Amino acid sequence: MEDLLSVGQWQGFYTYGPEYGKLIEGQEAEFRLFVEACSEGQFSGRAIDWDGIGTNGEVAVINGFIDGDIISFTKQYAEYHTIDEWGNTAVLKDMPGHKVVYEGRFDRVSNTFTGTWEIVFDLKHTTDLTFEEVSTGTWRMHRQA
């Protein structure tokens with residue numbers, strides 16, 4: 001049902017998961033997703049985080065798909081942002097930007113997409129192992145009127 005998602009502006013909110021520590025967990029931040037192209041279940045566009053820990057107005061690139069009421073998309077940033085358990089943020093210029101993976105479903109009652117997001121950071125690679133850190137949370141979004 002491609003008509004569940006259309007070109008235009010969508011208002012969204014995400015919350016931080018337990019990996020962010022007790023001071024940040026559960027806090028909610030707002031984002032705007034601008035769907036610029038949508039065809040045959042694939043869509044692309046841009047997103048801006050309006051507020052939240054580490055927000056700096058950076059525009060992220062969006063690419064995703066919708067299949068029935070299931071949605072999946074990535075939010076790719078140009079810069080690599082870090083945050084510690086006290087909410088201090090930093091940009092690491094020597095690392096590629098991080099990618100956030102969003103997955104969810106459309107709720108016809110509330111006319112809203114809801115789901116979970118995750119960021120996987122590769123911390124260290126050895127010949128036998130890869131050490132990763134995963135950050136998670138929840139999200140929701142609806143068509144901006």
Side-chain angles (χ1 to χ4, degrees), residues 1-93 95-125 130-145:
M1 291 281 206
E2 193 171 316
D3 61 340
L4 296 179
L5 186 77
S6 58
V7 171
Q9 185 177 162
W10 293 75
Q11 180 182 30
F13 299 89
Y14 58 90
T15 58
Y16 297 94
E19 302 84 7
Y20 288 91
K22 293 194 181 297
L23 294 175
I24 299 171
E25 179 182 5
Q27 287 187 25
E28 186 174 79
E30 183 177 357
F31 69 92
R32 287 291 177 359
L33 190 142
F34 303 90
V35 176
E36 297 169 338
C38 187
S39 177
E40 297 181 17
Q42 304 291 313
F43 66 94
S44 61
R46 299 170 290 123
I48 300 173
D49 296 338
W50 286 101
D51 60 14
I53 308 298
T55 301
N56 66 0
E58 180 183 0
V59 176
V61 175
I62 300 295
N63 284 295
F65 71 88
I66 185 164
D67 184 10
D69 65 349
I70 296 172
I71 189 170
S72 178
F73 62 94
T74 59
K75 188 191 291 185
Q76 178 70 56
Y77 292 91
E79 297 180 324
Y80 188 93
H81 300 263
T82 64
I83 184 170
D84 66 20
E85 62 193 72
W86 299 282
N88 300 312
T89 62
V91 175
L92 303 179
K93 299 283 187 187
M95 295 187 68
H98 65 283
K99 183 188 299 186
V100 186
V101 177
Y102 286 76
E103 295 183 342
R105 290 190 166 296
F106 187 75
D107 179 353
R108 293 183 187 279
V109 174
S110 65
N111 210 28
T112 303
F113 286 99
T114 60
T116 58
W117 61 264
E118 104 175 349
I119 306 170
V120 177
F121 299 101
D122 286 342
L123 300 178
K124 183 179 178 183
H125 294 284
T130 298
F131 296 92
E132 296 178 331
E133 179 180 310
V134 178
S135 297
T136 62
T138 61
W139 67 279
R140 70 184 192 283
M141 76 174 186
H142 62 274
R143 176 86 171 157
Q144 184 68 34

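All figures in this text were calculated on a predicted structure; none of them were measured in a lab. All residue numbers refer to positions in the sequence shown, counting from 1.
For the pair M141 and L5, the minimum side-chain heavy-atom distance is below 4.5 Å. Side-chain contact check for T136 versus E19: some heavy-atom pair is nearer than 4.5 Å.
Under a 3.5 Å cut-off, the side chain of E118 and the backbone N or O of V134 do not form any donor-acceptor pair. Using a distance-only test at 3.5 Å, with no hydrogens or angles considered, a donor-acceptor pair links the side chain of W117 to the main chain of T138.
For F106, the ring-ring contact (aromatic ring centres under 6.0 Å, His included) partners two or more places apart in sequence, or in a different chain, are F113. Looking at residues two or more places apart in sequence or on another chain, you find no salt bridge (Lys or Arg N to Asp or Glu O under 4.0 Å) involving E103.
The CG atom of D69 sits 4.5 Å away from the CZ atom of R105 when rounded to the nearest 0.5 Å. Atoms CZ and OG1, from F65 and T74 in turn, are 10.5 Å apart once rounded to the nearest 0.5 Å. With rounding to the nearest 0.5 angstrom, the OG1 atom of T116 is 9.0 Å from the CH2 atom of W139. Residue T15 holds its OG1 atom at 8.5 Å from CZ of R140, rounded to the nearest 0.5 Å. How far CD of E28 is from OH of Y16: 10.5 Å, rounded to the nearest 0.5 Å. Taking CZ from R143 and CG from L4, the interatomic distance works out to 12.5 Å, rounded to the nearest 0.5 Å.
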*Go through the steps to decide whether Y77 and V100 satisfy the test side-chain contact (heavy atoms from CB on, under 4.5 Å), and finish with yes or no.*
CA-CA 8 Å; Y77 292 91; V100 186; 3.9 Å; yes
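The minimum heavy-atom distance between A47 and K75, with the atom names listed, is CB-CE, 4.1 Å. When all heavy atoms of G97 and Q76 are compared, the pair lying nearest together is O-NE2, 3.0 Å.
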If you look only at distance, which donor and acceptor atoms sit under 3.5 Å apart when one is on a side chain in residues 30-38 and the other is two or more places apart or in another chain?
| from | atom 1 | to | atom 2 | distance (Å) |
| --- | --- | --- | --- | --- |
| E30 | OE2 | Q11 | NE2 | 2.8 |
| E30 | OE2 | R32 | NH1 | 3.3 |
| E30 | OE2 | R32 | NH2 | 3.3 |
| R32 | NE | Q9 | OE1 | 3.2 |
| E36 | OE2 | R46 | NE | 2.3 |
| E36 | OE2 | R46 | NH2 | 3.0 |

